[in-house]
There are 2 protein chains.
Amino acid sequence: MSAAPKHDVYQAIADSSRREILILLAKDDASIKEICEHFSISRTAIVKHLNVLSEASLVSDRKVGRSKIYSLQPEQLAEVREWVSYFEQFWDNKLSMLRHMVEENVKE
Amino acid sequence: MSAAPKHDVYQAIADSSRREILILLAKDDASIKEICEHFSISRTAIVKHLNVLSEASLVSDRKVGRSKIYSLQPEQLAEVREWVSYFEQFWDNKLSMLRHMVEENVKE
DNA sequence: TAAACATAAAACCAAATGGTGTCATATCAA
DNA sequence: TTGATATGACACCATTTGGTTTTATGTTTA
């Protein structure tokens with residue numbers, strides 16, 4: 001569907017600032033300036049984090065006037081979800097059993 | 001429940017060698033030597049990865065004779081699963097809706 | 001006891017990471 | 001047109017990361 005991401009999604013979500021940015025964007029699209037207002041670090045640092053998220057295809061952006069608006073694009077998180085779910089059988093409980101059963105049935 | 005991990009779980013799973021080690025340990029406990037046999041990097045590098053996983057409480061170890069046996073301890077992955085699942089509502093489908101509904105009911 | 005084995009520990013290194021500050025460019029508004 | 005605003009682009013820095021090699025220690029086993 002798209003070029004191989006330079007930064008993989010695991011690396012992208014390894015940083016807590018980047019995870020916070022994703023949570024922010026889940027609530028609403030935001031410009032760089034708006035995102036910066038939620039953090040104490042410099043704009044340059046935020047932009048770097050946004051670039052990492054962008055390379056991992058976790059966000060998209062569009063230019064509007066002099067603003068650059070970022071949107072959440074969470075599809076790549078599915079890879080993480082699937083990787084983690086492999087391990088659920090080892091720490092398990094009724095809930096994850098049910099989830100596994102449901103997913104297996106749906107896939108068929 | 002336990003001391004705060006020095007390395008958090010997101011950082012621990014950010015590296016692909018460490019993810020592979022976890023997959024390996026999911027199949028069976030293994031000594032450092034056995035783990036090394038699955039990789040081309042040096043034993044020292046493997047030991048460092050194991051230390052990171054250990055600090056994140058994703059593995060435990062026990063000494064048996066001259067061997068050190070590592071075991072998977074996947075409970076901390078629940079944090080990642082929960083974080084990721086927050087985003088499912090933004091990309092997913094009937095399946096995640098069902099999952100969310102099921103979980104909400106179970107928790108009550 | 002001596003050789004072989006499995007791990008531990010330390011010193012070192014290049015590159016990546018997460019951060020900074022400064023200056024330039026484009027756009028909007030008065 | 002001019003000033004304020006929002007972003008882009010650099011250059012720089014300290015620390016961490018992922019890797020190496022070398023040397024030492026503890027444990028079997030022949």
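Chain identifiers are assigned alphabetically (A, B, ...) following the order of the sequence lines, protein sequences preceding nucleic acid strands; residue numbering begins at 1 within each chain.
Heavy-atom nearest nucleotides on DNA chain D were determined for Thr44(A) and for Lys63(A), and the one closer to the 5' end corresponds to Lys63(A). In this structure, Ile69(B) and Ser40(A) both approach DNA chain C, and ranking their closest nucleotides by distance from the 5' end singles out Ile69(B).
Contact annotation: His49(A) reaches the phosphate of dG19(C) (side-chain N/O to OP1 or OP2, under 4.0 Å). Taking only side-chain nitrogens and oxygens, Ser42(A) never comes nearer than 4.0 Å to OP1 or OP2 of dG19(C). Here Gln11(B) reaches the OP1 or OP2 of dT17(D): one of its side-chain N or O atoms lies under 4.0 Å away. Residue Lys68(A) has a polar side-chain atom (N or O) positioned under 4.0 Å from OP1 or OP2 of dG8(D).
Protein atom CZ of Arg43(A) is 7 Å distant from nucleotide atom C1' of dA6(D), rounded to whole Å. Atoms CD1 (Ile32(A)) and P (dT7(D)) sit 5 Å apart, rounded to a whole Å. The nearest whole Å value for the distance from the CD1 atom in Ile13(B) to the P atom in dG18(D) is 13 Å. For the pair Asn51(A) CG and dG8(D) C1', the interatomic distance rounds to 10 Å; values are reported in whole Å. The separation between Ile46(A) atom CD1 and dT17(C) atom C1' is 15 Å, rounded to whole Å. As rounded to whole Å, 13 Å separates atom C1' of dA6(C) from atom CD1 of Ile35(B). Between the P atom of dT7(D) and the CD atom of Glu37(A) lies a distance of 10 Å, rounded to the nearest Å. Across the protein-nucleic acid pair, Lys48(A) atom NZ and dG8(D) atom C1' stand 13 Å apart, rounded to whole Å.
Grouping Ile, Leu, Val, Met, Phe, Trp and Tyr by side-chain contacts under 4.5 Å, direct or through others, puts Ile69(A) with Val64(A).
Looking at the side chain of Ile41(B), the nearest of the listed nucleotides dG19(C), dT7(D), dT20(D) is dT20(D). Distances from the side chain of Ser17(A) to the nucleotides dT20(D), dT7(C), dG19(C) place dG19(C) closest.
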Could you check Phe87(A) against Leu72(B) for side chain to side chain contact (heavy atoms under 4.5 Å, CB included), going step by step and ending with a plain yes or no? CA-CA 10 Å; Phe87(A) 293 94; Leu72(B) 179 68; 3.8 Å; yes
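Backbone-only engagement by Ser67(B) is indicated by non-hydrogen atom pairs under 4.0 Å involving sugar-phosphate atoms exclusively.
Only one option out of Leu22(A), Val84(A), Val80(A) pairs with Trp83(B) in a side-chain contact (heavy atoms from CB on, under 4.5 Å); it is Leu22(A).
Using a 4.5 Å heavy-atom cutoff, the side chains of Lys68(B) and Ile32(B) are in contact.
With sequence neighbours excluded, the residues forming a side chain to side chain donor-acceptor pair (under 3.5 Å) with Asp29(A) are Arg62(A), Ser71(A), listed by chain and number.
No hydrogens or angles were tested; on distance alone, nothing pairs the side chain of Arg66(B) with the base of dT7(C) as donor and acceptor under 3.5 Å.
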